[in-house]
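This report refers to the structure that appears directly beneath it.
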Amino acid sequence: MEVPARNRAVEGLRGYGLIVAMWVRSTMTYRTSFLLSTFGNAAITLLDFVAIWIMFSHVDVLGGFTLPEIALLYGSASASLGLADLLLGNTDRIGVRIRDGSLDTMLVRPVPVLAQVAADRFALRRVGRIGQGLAVLVWAVCALDVEWTAGKVWLMPVMVVAGAAIFGAVMVAGAAFQFVAGDAAEVQNSFTYGGNTMLQYPPTVFGKDLLRGVTFVVPLAFVNWLPALYVLGRPDPLGLPGWVAFLSPLVAVVVFVPASLVWRAGLRSYRSTGS
Amino acid sequence: MRQATARRAWLYPAVAAGGFRRYATYGTATAAGVFTNTVFGFILAYTYVALWEERPGLGGYDQAQALTFVWVSQSLLAAGALIGGGFQEEMQERIRTGDIAVDLYRPADLQLWWLAADLGRAGFQLLGRGVVPLLAGALAFELALPADPVRWLLFLVSVLLGLVVSFGIRYLLGLAAFWLMDGTGINVMAVVVTIFCSGMLLPLTVFPGGFGEVVRVLPWAAMIQVPLDVLMGEHAGAGGAVRALGFQAGWVLVLLGAGRLLQSAATRKAVVQGG
């Protein structure tokens with residue numbers, strides 16, 4: 001019997017919430033470890049910024065961008081990835097679940113598998129990265145010399161949320177890829193964490209071919225590059241018009257279509273290891 | 001008696017071979033890791049080009065040397081378990097569940113057993129995840145790789161010493177589970193320090209002032225910075241090479257010695273707990 005689509009979505013969210021709550025309770029059993037790892041999570045990502053800061057102790061501009069301008073890129077990419085990682089990051093554990101056969105248990109539970117996989121071992125410590133990214137973003141906004149218009153102000157929160165959604169779609173597609181490729185969580189990481197590292201630097205640093213790839217194939221440029229270029233009043237190196245900066249939410253919705261299609265295809269192709 | 005000694009002599013190479021084979025079975029994971037290291041190599045290489053164009057000769061390296069730094073450190077990353085993936089999570093789990101008692105009853109030395117297994121793992125990852133990214137980097141960029149075979153030999157000795165230093169630190173982290181029960185927090189903090197102080201983020205010669213001087217004498221420098229400098233001939237002449245390798249050997253002795261002390265304290269504690 002086909003369950004109505006809206007019911008499934010509600011069930012999914014409910015199941016997700018319950019599993020998340022369970023993991024949060026379990027995390028809090030070792031409170032010292034939780035505090036250490038949350039702090040560590042923020043510190044790890046802060047080090048990326050310290051590296052940029054050390055670079056700027058030797059130069060005034062990098063790829064033609066100043067430190068506050070790069071901080072805008074850094075903070076928004078970091079907050080977006082942190083948000084996606086918190087909500088969907090553990091989908092990369094599906095490879096382990098397939099190998100040890102525990103995905104089978106998920107298939108028989110009355111909660112959509114994606115919700116279970118996403119909530120699997122929910123890591124609240126990842127708020128560390130979000131907080132740290134937002135802190136750098138706020139510093140950048142204060143340090144920047146920008147003529148704020150309604151459009152630019154609107155773009156700031158939209159950039160972070162839509163960016164998280166684009167990263168999230170990549171994570172779901174990456175998880176689906178593991179149905180085919182087995183234990184390939186690192187491929188997913190190179191698009192998410194690798195993409196994040198790339199987006200922390202100005203697009204002018206990278207080759208045109210790479211820019212085309214992350215604009216038109218895996219649209220990571222919409223996570224923060226295009227909105228941030230608009231806010232900073234700088235032209236896009238590929239010559240795209242200014243209004244594309246406002247397309248990020250649309251791109252986020254559009255990329256979830258292929259991501260959810262490959263996820264369903266992956267799940268249908270799943271054959272249990274029988275162990 | 002002599003037979004027992006002879007068996008003992010073969011034990012650790014056999015454990016190392018087991019470690020090598022165990023990781024050799026993860027074919028897809030290795031391929032995925034190669035992909036990730038290559039992607040990160042490209043992203044970092046572009047940012048280094050931007051930085052060294054702005055400031056030629058920064059940190060005492062020309063652009064080809066800086067790019068060599070990027071690609072060789074990507075090749076050493078998995079072998080040295082610099083961002084996790086070594087043995088200490090497994091060891092901590094065995095301590096938590098009490099399985100470590102079985103290890104202690106084995107007619108083998110606990111520290112040498114884990115060292116042998118970890119070197120076997122590292123050996124596989126040096127071949128499996130080291131060679132391809134370096135080749136990709138050498139094809140795409142102009143690198144400063146030496147033609148002198150002696151230099152490569154010294155580099156390999158330096159890499160081996162760096163791997164043992166990395167093991168020495170991670171063994172202490174593993175043992176910490178006797179007191180902490182859950183290792184997640186301390187592992188995350190350790191990765192933070194390793195990323196920052198090994199040279200993986202930026203060559204340590206770029207770190208400014210007294211801060212840079214401190215970072216360059218800490219054990220983490222033995223993992224990336226020293227092998228790279230040996231490879232690129234920064235420690236020219238026999239005296240320079242001896243100093244570099246002696247620095248690493250000194251940290252090997254200190255860390256393995258500290259591991260022994262902590263191990264005897266930990267095993268006494270395990271007996272008290274009765275498991």
Side-chain angles (χ1 to χ4, degrees), chain A residues 27 29-48 50-52 54-65 95 99 123 125 128 177-178 180-191 193-202 204-207 210, chain B residues 25-55 57-59 78 83 85 96 129 140 177 180-197 200-204 206-209 211-212:
Chain A
T27 311
T29 320
Y30 300 111
R31 201 172 292 257
T32 315
S33 202
F34 168 72
L35 290 175
L36 265 180
S37 49
T38 307
F39 176 74
N41 216 268
I44 275 190
T45 50
L46 183 66
L47 284 187
D48 283 340
V50 173
I52 294 173
I54 290 177
M55 287 181 178
F56 273 91
S57 73
H58 297 284
V59 297
D60 296 325
V61 288
L62 196 63
F65 283 59
R99 229 185 14 254
R125 63 171 183 276
F177 179 62
Q178 291 197 45
V180 190
D183 191 8
E186 292 230 39
V187 173
Q188 185 174 340
N189 289 348
S190 41
F191 285 102
Y193 291 90
N196 174 54
T197 306
M198 185 182 67
L199 297 175
Q200 290 170 1
Y201 291 92
T204 46
V205 164
F206 300 96
L210 187 70
Chain B
T25 52
Y26 298 140
T28 336
T30 306
V34 166
F35 183 73
T36 309
N37 289 138
T38 310
V39 168
F40 268 92
F42 271 102
I43 294 168
L44 289 177
Y46 277 120
T47 63
Y48 276 40
V49 167
L51 185 60
W52 262 265
E53 259 171 17
E54 201 70 37
R55 270 294 304 273
L58 179 63
I83 49 171
R96 203 179 59 76
R129 288 183 60 168
L180 291 176
M181 300 319 287
D182 179 55
T184 318
I186 193 171
N187 291 347
V188 172
M189 290 308 293
V191 169
V192 174
V193 176
T194 307
I195 291 176
F196 199 61
C197 297
M200 200 180 113
L201 211 53
L202 267 180
L204 299 182
V206 175
F207 285 38
F211 177 52

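Since this is a predicted model, take the numbers as computed values, not measurements. Chain A is the first sequence line, chain B the second, and so forth, proteins listed ahead of strands; every chain is numbered from 1.
Chosen from S33(A), G64(A), S37(A), the residue pairing most often with chain B at heavy-atom distances under 4.5 Å is S33(A). Among the candidates V39(B), V206(B), I195(B), the residue making the largest number of heavy-atom pairs closer than 4.5 Å to chain A is V206(B). Counting heavy-atom pairs closer than 4.5 Å to chain B, the top residue among P202(A), G63(A), A181(A) is A181(A). Residue with the most contacts toward chain A among T38(B), T30(B), V193(B), T47(B): T47(B) (heavy-atom pairs, distance under 4.5 Å). Of the listed residues (V205(A), V59(A), V187(A), L47(A)), the one with the most heavy-atom contacts under 4.5 Å to chain B is L47(A). Ranking Y26(B), F42(B), F196(B) against chain A, the residue ahead of the rest is F196(B), based on heavy-atom pairs under 4.5 Å.
For F40(B), the part lying near chain A is the side chain, with the backbone staying farther off; criterion is any non-hydrogen pair under 4.5 Å. Contact annotation for N41(A): only backbone heavy atoms (N, CA, C, O) come within less than 4.5 Å of a heavy atom of chain B. Of the two parts of L210(A), only the side chain, counted from C-beta on, holds a non-hydrogen atom closer than 4.5 Å to a non-hydrogen atom of chain B. Contacts of F191(A) with chain B are made by side-chain atoms alone, with heavy-atom separations under 4.5 Å and no backbone atom involved.
The neighbour count for I83(B) CD1, taken as heavy atoms of other residues, nucleotides or ligands under 6.0 Å away, does not exceed 12. Few gaps surround CZ on F56(A); more than 12 heavy atoms of other groups in view lie less than 6.0 Å from it.
Here the OH atom belonging to Y30(A) is positioned 11.0 Å from the CG atom belonging to L180(B), to the nearest 0.5 angstrom. From L51(B), atom CG reaches atom CE of M55(A) across 5.0 Å, with rounding to the nearest 0.5 Å. The distance from atom CG of L202(B) to atom NE2 of H58(A), rounded to the nearest 0.5 Å, is 8.0 Å.
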Practice prompt. Might you work through the side-chain contact (heavy atoms from CB on, under 4.5 Å) test for L36(A) and V188(B), ending with a clear yes or no?
Written response: CA-CA 8 Å; L36(A) 265 180; V188(B) 172; over 6 Å; no
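When all heavy atoms of P208(B) and I54(A) are compared, the pair lying nearest together is CD-CG2, 4.1 Å.
Below 30°, between 30° and 60°, or above 60°: for Y46(B) and F206(A) the angle between ring planes is above 60°, a perpendicular geometry.
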